[in-house]
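Quick caveat, the model's predicted, so the values are computed rather than measured. Along the sequence shown, the residues carry numbers beginning at 1.
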Amino acid sequence: MSENQHTEWKTSWHDDYLKWICGFANAEGGTLVLGKDDEGKTIGLANAEKLLEDLPNKIRDKLGLMPRVDLHEEDGMPFLEIHVAPSTVPISLRGAYYWRSGSVKQELKGATLNDFLLKKMGLTWDRVIEANATIDDMDPKSIERFKTDAAKAGRLPDLSDLSDVDILKKLRLSTREGISRAALVLFGKDPGEFYPNLFVK
């Protein structure tokens with residue numbers, strides 16, 4: 001057996017290992033084992049009983065998680081297993097987000113972090129509301145052409161009497177909070193003003 005996506009072995013506890021727990025929670029979950037070397041051999045844990053008592057509170061206070069911490073023994077040597085379930089919400093440690101990929105822990109940054117947060121919240125890039133956009137950024141000609149094409153295709157009910165605002169609402173491209181990125185891509189006067197590197201497949 002070796003370290004993998006769901007297992008990490010450590011000889012002892014250091015607070016830096018909260019990053020590994022955070023990474024497990026943000027990915028597919030996993031187990032952090034204390035008291036084993038890099039080969040998975042049990043070497044024992046001197047303060048196992050105290051850690052069994054202290055770690056659940058520390059992990060709860062720092063990460064808002066309540067993993068199961070189990071005390072085991074092999075050849076008279078104690079070791080701990082910290083079982084971390086995958087979280088349905090993003091978990092951060094002091095404002096940083098970590099992810100378990102293969103047997104590596106990495107900090108998420110930039111576009112990767114944005115994608116991760118959106119997916120955890122059940123959103124895709126195009127569904128996000130663009131705070132700086134208004135109905136004035138929509139191209140009336142594009143919306144009118146859509147109405148005409150929809151009528152020809154016969155796949156939607158008659159849209160001719162609906163205003164541009166109502167069309168966007170009906171297509172779920174706008175909400176009470178504002179206009180979505182998808183609306184700007186499909187019907188915007190100049191989507192490149194908002195997203196200079198945008199391309200559509």
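Minimum heavy-atom separation, Asn132 to Asp137: O-OD2, 4.0 Å. In plain terms, the two heavy atoms of Tyr97 and Pro90 that are nearest each other are CE2-CB, 3.7 Å. Closest non-hydrogen pair, Ile135 versus Ile179, comes out as N-CD1, 3.4 Å. In terms of heavy atoms, Gly178 sits closest to Ile129 at O-CD1, 3.5 Å. For Ile91 against Leu63, the heavy-atom pair with the smallest separation is CG2-O, 3.8 Å.
Counting only N and O atoms by type, the side chains of Glu74 and His72 include no donor and acceptor under 3.5 Å apart. Between the side chains of Thr112 and Asp115, no donor N or O sits under 3.5 Å from an acceptor N or O.
For Lys147, the NZ atom counts as densely surrounded, since its 6.0 Å shell holds more than 12 non-hydrogen atoms of other residues, nucleotides or ligands. Heavy atoms of other residues, nucleotides or ligands lying less than 6.0 angstrom from CD of Glu53 number 12 at most.
Remark: Lys10 qualifies as a cation-pi partner of Trp20 under the 6.0 Å distance and 45° angle criteria applied to the six-membered ring.
Between Lys58 and Asp54, none of the side-chain N atoms (NZ, or NE/NH1/NH2) sits under 4.0 Å from a carboxylate O, so this pair counts as no salt bridge. At a threshold of 4.0 Å, the pair Arg100-Glu8 counts as salt-bridged, since one of the basic side-chain nitrogens sits closer than that to a carboxylate oxygen. By the 4.0 Å N-to-carboxylate-O rule, Arg68 lies close enough to Asp70 to be salt-bridged with it.
Residues Thr11 and Lys36 are not in side-chain contact: their nearest non-hydrogen atoms beyond the backbone lie 4.5 Å or more apart.
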